[in-house]
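These notes are about the structure you will find just below.
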Amino acid sequence: MKISSFISLFFFLSIHIFPTYAQSQDDGARLYSHHCTLCHGNKGMGDGYIPMKLKGYPQTNLFDEQNAIDKESIIDVISRGFPNEDIIKFMPPWEQELTKEEISDLATFVLFLRSDTEAALRTLSKYTDKLDKTVRDGKIIFETRCALCHGKLGQGDGRMARIIKTPPPANLTRSILNPVQMRLIIKLGGQEVGRSPKMPPWGDFMTDNEVDAVVDFIDTLKD
Ligand code: HEC
Ligand code: HEC
């Protein structure tokens with residue numbers, strides 16, 4: 001074998017078998033944009049929708065009052081939730097939903113965010129901007145913005161349903177709203193249409209096309 005083939009084999013192996021640190025930061029950013037921004041925010045500064053809207057919700061700034069500092073303890077918090085009786089119900093454990101590798105990438109990303117904030121936010125914005133501007137796929141929008149309350153299949157059994165009770169997040173598979181009414185509550189939020197303020201308004205965060213896409217997706221969930 002020629003030496004050049006050895007070299008390319010080496011590069012092939014190093015890229016495909018030993019994922020690089022940069023790759024892990026990037027994967028972590030993508031996972032964070034999907035699973036964590038609704039609480040920790042697009043900047044990790046506790047600027048997520050949920051803590052801003054729910055009264056008495058603990059602050060979720062990843063830079064302040066850090067409890068989990070090294071990689072191991074961060075992995076622990078992400079896997080098992082926050083180790084405090086009062087708070088654990090607010091920081092859900094992820095070990096059932098994400099693989100060990102994904103959780104490790106997320107921990108790498110949290111460390112990246114704390115140590116080289118600007119570079120980390122640049123990496124993250126690749127994914128959050130994409131969600132804001134170009135995603136037309138109702139399923140992805142639903143999973144990132146609605147499932148936490150309404151549940152992955154829209155049955156009203158998302159994790160936040162443990163906290164939001166009167167009324168709980170609606171079971172969308174049984175919704176009797178027509179598409180016009182549905183678009184309205186999604187865009188304006190519950191309060192504006194005389195329903196619960198805990199159903200957030202999405203009009204400023206989603207384009208009309210995105211709202212249409214998510215309404216179409218909800219339609220596929222009905223039995
Ligand atoms: C439903 C809201 C919610 C979601 C979703 C969520 N968290 Fe949290 N998280 C919290 C709360 C509340 C705390 C405890 C307050 C604090 O210390 O910031 C917390 C704490 C943490 C901490 C410990 C911070 C410290 O004190 O050192 C880490 C790390 C963390 N979360 C990472 C994540 C990651 C990564 C994800 C996505 C997989 C995620 N969280 C998703 C609410 C949430
Ligand atoms: C913070 C939790 C939360 C999030 C996130 C959330 N919702 Fe809701 N949603 C609620 C609650 C609570 C209700 C019940 C309001 C009521 O009955 O007054 C509701 C009601 C609804 C309804 C009315 C259903 C009916 O038949 O009455 C629709 C449609 C809906 N949500 C769609 C969405 C969509 C689409 C998203 C994501 C873009 C979303 N929701 C995100 C909490 C949430």
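In each ligand, atom 1 is the first atom listed, and ligand 1 is the first ligand listed.
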Number the atoms of ligand 1 from 1 as they appear, then name those within less than 4.0 Å of a heavy atom of [X], with their elements.
X	result
T60	10 (C), 11 (C), 12 (C), 18 (O), 42 (C)
M160	1 (C)
V77	21 (C), 22 (C), 23 (C), 28 (C)
N67	25 (C), 26 (O), 27 (O)
L106	38 (C)
P58	12 (C)
N61	18 (O)
Y57	1 (C), 2 (C)

Tell me, do T117 and R114 make a side-chain contact under 4.5 Å, heavy atoms counted?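 With C-beta onward as the side chain, the pair stays apart.
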Could you check whether any side-chain heavy atom of R174 comes within less than 4.5 Å of a side-chain heavy atom of N171, counting everything from C-beta outward?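 Answer yes - side chains close enough.
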Report yes if some N/O of I78 lies less than 3.5 Å from some N/O of ligand 1; otherwise report no.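 No, since none of the N or O atoms of I78 sits under 3.5 Å from an N or O of ligand 1.
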Do any nitrogen or oxygen atoms of R114 lie less than 3.5 angstrom from nitrogen or oxygen atoms of ligand 1?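 For ligand 1, there is an N or O atom that lies under 3.5 Å from one belonging to R114.
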Does ligand 1 have an atom under 4.0 Å from some heavy atom of Q59?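 For ligand 1, residue contact (heavy atoms, under 4.0 Å) with Q59 is present.
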Check for a donor-acceptor pair, side chain of Q66 on one end and backbone N or O of A68 on the other, with a separation under 3.5 Å.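 Here the side-chain-to-backbone pair does not exist.
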Going from [atom1] on [X] to [atom2] on [Y], what distance comes out if it is rounded to the nearest 0.5 angstrom?
X	Y	atom1	atom2	result
M182	I176	CE	CD1	10.0 Å
I78	L106	CD1	CG	5.0 Å
H35	H40	NE2	NE2	13.0 Å
L113	E118	CG	CD	12.0 Å
W202	I141	CH2	CD1	10.5 Å
L148	E143	CG	CD	12.0 Å

A quick test of your reading: do over 12 heavy atoms of other residues, nucleotides or ligands sit less than 6.0 Å from [atom1] of [X]?
X	atom1	answer
K100	NZ	no
K71	NZ	yes
Q191	CD	no

Closer than 4.0 Å to some heavy atom of I164 - which atoms of ligand 2 meet that?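 Contacts of ligand 2 toward I164, numbered from 1: 1 (C), 2 (C), 12 (C).
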Check each atom of ligand 2 against the heavy atoms of P167 and keep those under 4.0 Å away; list them by number with element.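 Answer, ordered by atom number: 12 (C), 16 (C), 17 (O), 18 (O).
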Around [atom], find the nearest protein heavy atom and jot down its residue, atom name and distance.
atom	answer
atom 27 (O) of ligand 2	R195 NH2, 2.7 Å
atom 26 (O) of ligand 2	S175 OG, 2.5 Å
atom 14 (C) of ligand 2	P168 O, 3.7 Å
atom 42 (C) of ligand 2	K198 O, 3.5 Å
atom 5 (C) of ligand 2	R145 O, 3.3 Å
atom 29 (C) of ligand 2	M182 CG, 3.4 Å

Backbone, side chain, both or neither: what part of [X] comes under 4.0 angstrom of ligand 1, heavy atoms only?
X	answer
W94	side chain
A107	neither
L62	side chain

What pairs of residues pass the salt bridge (charged side-chain N to carboxylate O under 4.0 Å, His left out) test when at least one of them lies in residues 189-202, not counting sequence neighbours?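 Sorted pair list comes back empty.
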Short N/O distance, under 3.5 Å, between S196 and ligand 2?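 Indeed, backbone or side chain, S196 has an N or O that close.
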With distance as the sole criterion, is a donor-acceptor pair present between the side chains of D70 and S73 under 3.5 Å?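 Checked: D70/S73 side chains pair up, N/O donor to acceptor below 3.5 Å.
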Residue pair D26 / Y127, side-chain donor-acceptor N/O under 3.5 Å: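 D26 vs Y127: donor-acceptor pair found between side chains.
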Check against salt bridge (Lys or Arg N to Asp or Glu O under 4.0 Å), D208 and K187: CA-CA 9 Å; D208 285 352; K187 281 166 81 162; 2.8 Å; yes
Nearest option to atom 40 (N) of ligand 1, as decided by whichever heavy atom of E65, H40, H35, H34 sits closest: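 Checking each option, the heavy atom nearest atom 40 (N) of ligand 1 is found in H40.
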Between L148 and ligand 2, find which residue part has any heavy-atom pair under 4.0 Å and reply side chain, backbone, both or neither.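 Neither; nothing of L148 gets under 4.0 Å from ligand 2.
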Write down the atom of I186, the atom of M199, and the distance for their closest heavy-atom approach.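 So the minimum-distance heavy-atom pair works out to CA-CE, 3.9 Å.
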Suppose the cut-off is 2.8 Å; which protein N/O/S atoms would you list for atom 8 (Fe) of ligand 2?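 Only H150 NE2, M199 SD fall inside 2.8 Å of atom 8 (Fe) of ligand 2.
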Report yes or no: is the cationic atom of R159 (NZ for Lys, CZ for Arg) closer than 6.0 Å to the six-membered ring centre of W94, at no more than 45° off its axis?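 The answer is yes, since R159 meets both limits relative to W94.
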